[in-house]
Amino acid sequence: MKNKENEIIEAYYGYIGEIYVDTIVDELEDKKEEIKNTTFPKKLDTWVEEYIKQEEKKEKRINLIKNIKKQSKKAAIILLIIIAGISTLIFTVEAIRVRVFNFFIERNERYTEIRIEEENNIKTPELDWENYYQPTYMPEGYYFESEEDGGLIKILNYSDGKNQIIITQTNNSAGIQIDTEDATTEKININGNEGFLIIKEDRSMIFWHNEERSFTITGNIKKEEIIKIAESIEKNKK
Amino acid sequence: MIAFLMTIEDEETRNILEEIYKLHKKKMYYTARDILHDDYEAEDAMQEALIKVSKYIDKNMDPKCNKTLGLIVIIVRSISINIYNKRKRRKTIDIDGYENVIHDDTIGNPQLNIIRLDQKQYITKKLSQIKKEYADILTLKYYYGYSNKEISDLLSIKEGNVRVRLMRAKNALHEIIGDESHEK
């Protein structure tokens with residue numbers, strides 16, 4: 001009974017609130033001309049535009065981190081489907097050490113996991129973000145926006161103000177999982193190294209490796225452009 | 001582990017904020033300027049208000065409706081008053097008194113009040129007799145349905161003060177409209 005009474009009283013306050021809001025709106029309506037003639041500072045428009053952009057970027061970053069955390073928890077290991085001719089021999093300059101990288105690929109309904117495994121238990125160097133790789137080519141309008149070190153992963157963000165191109169580099173033994181549901185995939189060659197191109201709707205992604213690192217590039221860009229960026233990757237010596 | 005094909009889940013919310021701003025920016029600025037009489041402080045108040053509004057946008061919010069406009073005016077007004085108080089180095093505006101409350105001895109029967117619910121003009125007139133801070137807090141609580149914690153964030157006051165202010169608001173309301181059965 002008491003609850004019922006409270007509900008009625010709360011509904012009563014709610015109704016009063018509704019009338020109060022109408023009053024606020026009516027008061028503004030009465031001052032319509034005055035409001036119209038108020039000089040409005042244009043810099044607030046710029047501030048709002050920037051604020052909304054910032055929020056968008058923040059959200060993208062949060063989503064990226066969420067995804068990284070989510071995927072890293074998956075303990076999926078790996079059936080292997082070795083691609084025809086599967087292993088690629090990569091010789092060092094001295095042609096002394098021979099490393100064999102194999103693409104280990106697991107295709108699920110919704111994603112594909114790719115991992116490069118090294119034979120002979122030769123480990124790639126520890127990640128050293130002082131000497132990471134970066135592209136020397138970017139499509140017109142794109143500029144360097146930010147970088148993130150996630151411990152095992154280095155992420156470079158480029159933007160044209162609206163779209164982003166994200167480049168990641170990890171140790172060669174790290175696995176990546178890629179959403180390939182309804183996507184088309186294609187084998188490609190980047191500077192003599194085998195890689196994959198995945199296209200889904202208007203997004204492209206490329207995955208490849210060299211003797212040191214595995215890379216991905218994702219963005220709303222065409223196949224030709226993404227390959228050009230991949231081919232331009234060079235080691236940055238700080 | 002790549003956020004491939006990442007989508008912007010909350011683009012809709014940002015669009016609503018943008019529309020609210022486009023539709024109501026002059027009203028917001030006018031409200032702040034009217035309290036602060038200072039262009040720079042009015043800009044600060046608007047920025048703070050927009051940041052707060054963005055946290056409370058839900059996807060069903062219609063930027064054009066009175067309910068949305070009412071909310072942003074309450075927020076910008078409250079922020080402007082806080083800035084004004086800081087400027088004057090006052091702790092708070094005095095909202096504890098009842099000096100604006102006009103007693104109406106002809107009212108007192110709860111049933112009569114319920115009957116009067118459809119008398120919008122009557123309530124509007126009565127509402128003009130209580131402080132806006134009280135009407136604001138009651139409206140945020142019972143019309144918009146915000147929790148005390150959310151109201152504390154929206155009005156930048158402590159949660160304990162929300163409870164106190166709500167109680168005083170109800171008392172003030174019942175003083176002027178009259179209701180013997182109201183919550184204590």
Side-chain angles (χ1 to χ4, degrees), chain A residues 5-6 8-26 28 31 34-36 38-41 43-45 47-48 51-52 55-56 59-60 63-72 153 166 168 174-180 183 198 200-201 203 205 207 216 218, chain B residues 1-11 13-14 17-18 21-22 25-27 29-31 33-34 39-40 42-43 46-47 50-51 54 66-67 69-71 73-74 77 110 113-114 117 120 123-124 126-128 132 135-136 138-145 170 173 177 179 181-183:
Chain A
E5 198 179 307
N6 282 346
I8 292 167
I9 290 168
E10 285 180 8
Y12 168 69
Y13 290 144
Y15 181 72
I16 288 174
E18 190 178 346
I19 293 172
Y20 177 62
V21 165
D22 287 344
T23 311
I24 292 174
V25 175
D26 290 345
L28 288 171
K31 293 171 182 165
E34 239 176 289
I35 293 169
K36 201 179 155 191
T38 303
T39 314
F40 187 82
K43 58 183 169 184
L44 267 173
D45 291 344
W47 180 86
V48 168
Y51 173 68
I52 288 171
E55 288 299 294
E56 195 176 336
E59 191 176 347
K60 279 182 180 171
N63 283 346
L64 179 65
I65 290 162
K66 266 190 203 161
N67 255 310
I68 289 170
K69 281 183 181 164
K70 193 175 156 192
Q71 299 294 351
S72 64
I153 189 166
I166 300 167
T168 73
I176 65 160
Q177 290 170 343
I178 303 162
D179 174 7
T180 50
I198 298 124
K200 184 168 170 176
E201 292 162 5
R203 299 271 288 172
M205 179 185 185
F207 172 81
T216 66
T218 60
Chain B
M1 299 83 60
I2 306 302
F4 184 48
L5 309 171
M6 194 167 55
T7 54
I8 308 160
E9 287 175 0
D10 219 11
E11 199 174 347
T13 305
R14 282 191 292 274
L17 179 69
E18 214 169 350
Y21 176 74
K22 278 181 192 161
K25 63 181 184 181
K26 279 201 156 190
K27 295 174 198 116
Y29 184 70
Y30 176 86
T31 304
R33 183 83 185 61
D34 198 37
D39 294 345
Y40 295 111
E43 283 172 33
M46 255 194 89
Q47 290 177 357
L50 284 163
I51 292 169
S54 68
N66 285 359
K67 195 170 181 178
L69 176 57
L71 178 66
V73 169
I74 289 172
R77 196 167 55 201
N113 293 326
I114 301 297
L117 281 177
K120 190 178 167 182
I123 293 177
T124 306
K126 288 289 170 190
L127 275 173
S128 67
K132 281 183 175 168
D136 284 353
L138 275 176
T139 302
L140 290 173
K141 177 80 180 175
Y142 296 105
Y143 181 49
Y144 290 99
K170 286 178 193 173
L173 189 71
I177 297 184
D179 183 349
S181 62
H182 72 272
E183 287 174 290

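Please read all numbers here as calculations on a predicted model, not as lab measurements. A note on names: the letters A, B, ... follow the listed sequences, proteins ahead of strands, and every chain is numbered from 1.
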**OP:** Name the member of B:Gly70, B:Ala135, B:Gly145 that forms the most heavy-atom pairs with chain A at distances under 4.5 Å.
**Re:** B:Ala135
Original post:
Using non-hydrogen atoms only, which part of B:Arg77 is less than 4.5 Å away from chain A: side chain, backbone, both, or neither?
Top reply: side chain
Subject >> Between CD1 on residue A:Ile198 and OG1 on residue A:Thr218, distance to nearest 0.5 Å >> reply: 10.5 Å
Subject >> For B:Lys25, all residues meeting side-chain contact (heavy atoms from CB on, under 4.5 Å), sequence neighbours excluded >> reply: A:Phe40, A:Asp45, B:Tyr21, B:Met46
Original post:
chain B heavy atoms under 4.5 Å from A:Tyr20: which part of the residue, side chain, backbone, both or neither?
Top reply: both
Original post:
Is there side-chain contact between A:Trp47 and B:Gln47, with at least one heavy-atom pair below 4.5 Å?
Top reply: yes
Subject >> Contacting moiety of B:Leu71, where chain A heavy atoms sit under 4.5 Å >> reply: neither
Original post:
Which heavy atom of B:Leu69 sits nearest a heavy atom of B:Lys27, and at what distance?
Top reply: CD1-CD, 3.9 Å
Original post:
Is it the backbone or the side chain of B:Asp136 that comes under 4.5 Å from a heavy atom of chain A, or both, or neither?
Top reply: both
Original post:
With B:Tyr143, which residues qualify under ring-ring contact (aromatic ring centres under 6.0 Å, His included), at least two apart?
Top reply: none
**OP:** Heavy-atom distances under 4.5 Å only: say whether B:Lys132 touches chain A with side chain, backbone, both or neither.
**Re:** both
Original post:
Which value, rounded to the nearest 0.5 Å, describes the distance between A:Leu28 atom CG and A:Thr23 atom OG1?
Top reply: 11.0 Å
**OP:** Could you tell me which portion of A:Lys43 (side chain, backbone, both or neither) has an atom closer than 4.5 angstrom to a non-hydrogen atom of chain B?
**Re:** side chain
